[in-house]
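Counting begins at 1 with the first residue of the sequence. Atoms within each ligand, like the ligands themselves, are counted from 1 in listed order. This one's a predicted model, so the numbers in the text were calculated from it and none came from an experiment.
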Amino acid sequence: MRTLITATAALGAAGAGYVTVIERNWFALRQHEVPVLRPGASPLRILHISDTHLTPGRKRLMAWVRALDDLDPDLVINTGDSIAHPQAVGPLLDALGPLLDRPGAFVLGSNDMFAPEPHNPARYLIGASSHWRVRKEPDLPWEKLRDDLTAAGWLDLNNHRGRLTVAGHDIALAGVHDSHVKRDRYEQIAGPADPAADLRIGVTHSPEPRLLDQFAADGYDLLLAGHTHGGQLCLPFYGALVTNCGIERERVSGLHRHPVGGRAWLHVSAGLGTSPYAPARFACRPEASLLTLVPREPS
Ligand SMILES: [Fe+2]
């Protein structure tokens with residue numbers, strides 16, 4: 001009996017160590033080809049990062065993000081939930097480092113505004129976090145985060161449109177603030193995306209179907225989102241248990257066609273971090289993604 005108890009405790013400790021230390025720091029680079037450019041266009045490489053939930057002590061995460069510059073992306077898109085600590089903006093900027101010298105754009109997530117709180121992880125199984133108590137007064141330095149990223153030259157897409165010329169491609173962009181704290185204002189960016197642009201990109205923290213449908217109907221070619229953490233704690237051979245938003249389990253992360261309103265592709269990042277109060281990942285490695293945009297098949 002004592003042997004059984006000892007073995008069970010050892011197995012439990014090993015499992016806890018795996019999900020909180022090993023897999024949580026086992027960063028993965030995902031790569032996808034996305035056929036959204038005009039026939040004959042030269043490829044365009046987008047680095048998609050999301051959900052770093054950075055606290056100043058996460059040195060491995062910071063070093064890994066910094067090294068992403070070696071990929072030489074043409075454009076960087078950050079889909080939010082970047083910080084999880086009042087002193088995290090400086091470390092985030094250090095981690096982004098040379099990436100900030102590249103063309104970039106971002107939206108914010110609710111966790112950029114509100115400090116993480118302890119809560120029962122089982123709540124995620126019951127319903128999306130948007131249904132939890134809504135806090136009114138932000139207590140994280142989201143304005144500094146926004147201003148510092150903007151000062152570095154990145155486009156603020158929180159309920160804004162923008163335009164970038166990147167590697168010879170004229171790109172029309174639009175994004176919304178986080179719907180989970182009811183700050184999304186699609187009406188402020190609504191309307192057809194410029195058909196004269198070489199590419200149209202829609203950005204949202206959370207991949208809510210109603211927002212994705214609107215972006216797609218307005219003619220955006222590529223939709224980028226984060227928020228889901230890919231399910232964070234997944235079952236092998238089954239995948240995510242929950243998406244923490246309206247999107248279906250099958251599109252909790254990765255590249256998929258959006259089935260409504262046109263020809264859009266959707267890429268959802270499983271993100272790089274976790275809440276400090278839920279520091280675990282299983283069967284769902286933290287990730288960043290390099291999307292190589294290539295010409296679409298002639299129709
Ligand atoms: Fe997140």
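- Listed by first then second residue, pairs satisfying ring-ring contact (aromatic ring centres under 6.0 Å, His included) with a partner in residues 54-113 read F27-W64, not counting sequence neighbours.
- With waters neither drawn nor counted, the protein N/O/S atoms under 2.8 Å from the Fe ion (ligand 1) amount to 4.
- Under the 3.5 Å distance criterion, the side-chain polar atoms of D139 are matched with a main-chain donor or acceptor of A115.
- Within the 4.5 Å cutoff, the side chain of H48 has no heavy atoms near those of the R30 side chain.
- For the salt bridge (charged side-chain N to carboxylate O under 4.0 Å, His left out) condition, the pairs that include at least one residue of residues 235-250, sequence neighbours left out, are E248-R251.
- Among pairs with a residue in residues 48-67, none fulfils salt bridge (charged side-chain N to carboxylate O under 4.0 Å, His left out), at least two apart in sequence or across chains.
- The main-chain N or O of N158 is never found under 3.5 Å from a side-chain atom of R185 such that the two would form a donor-acceptor pair.
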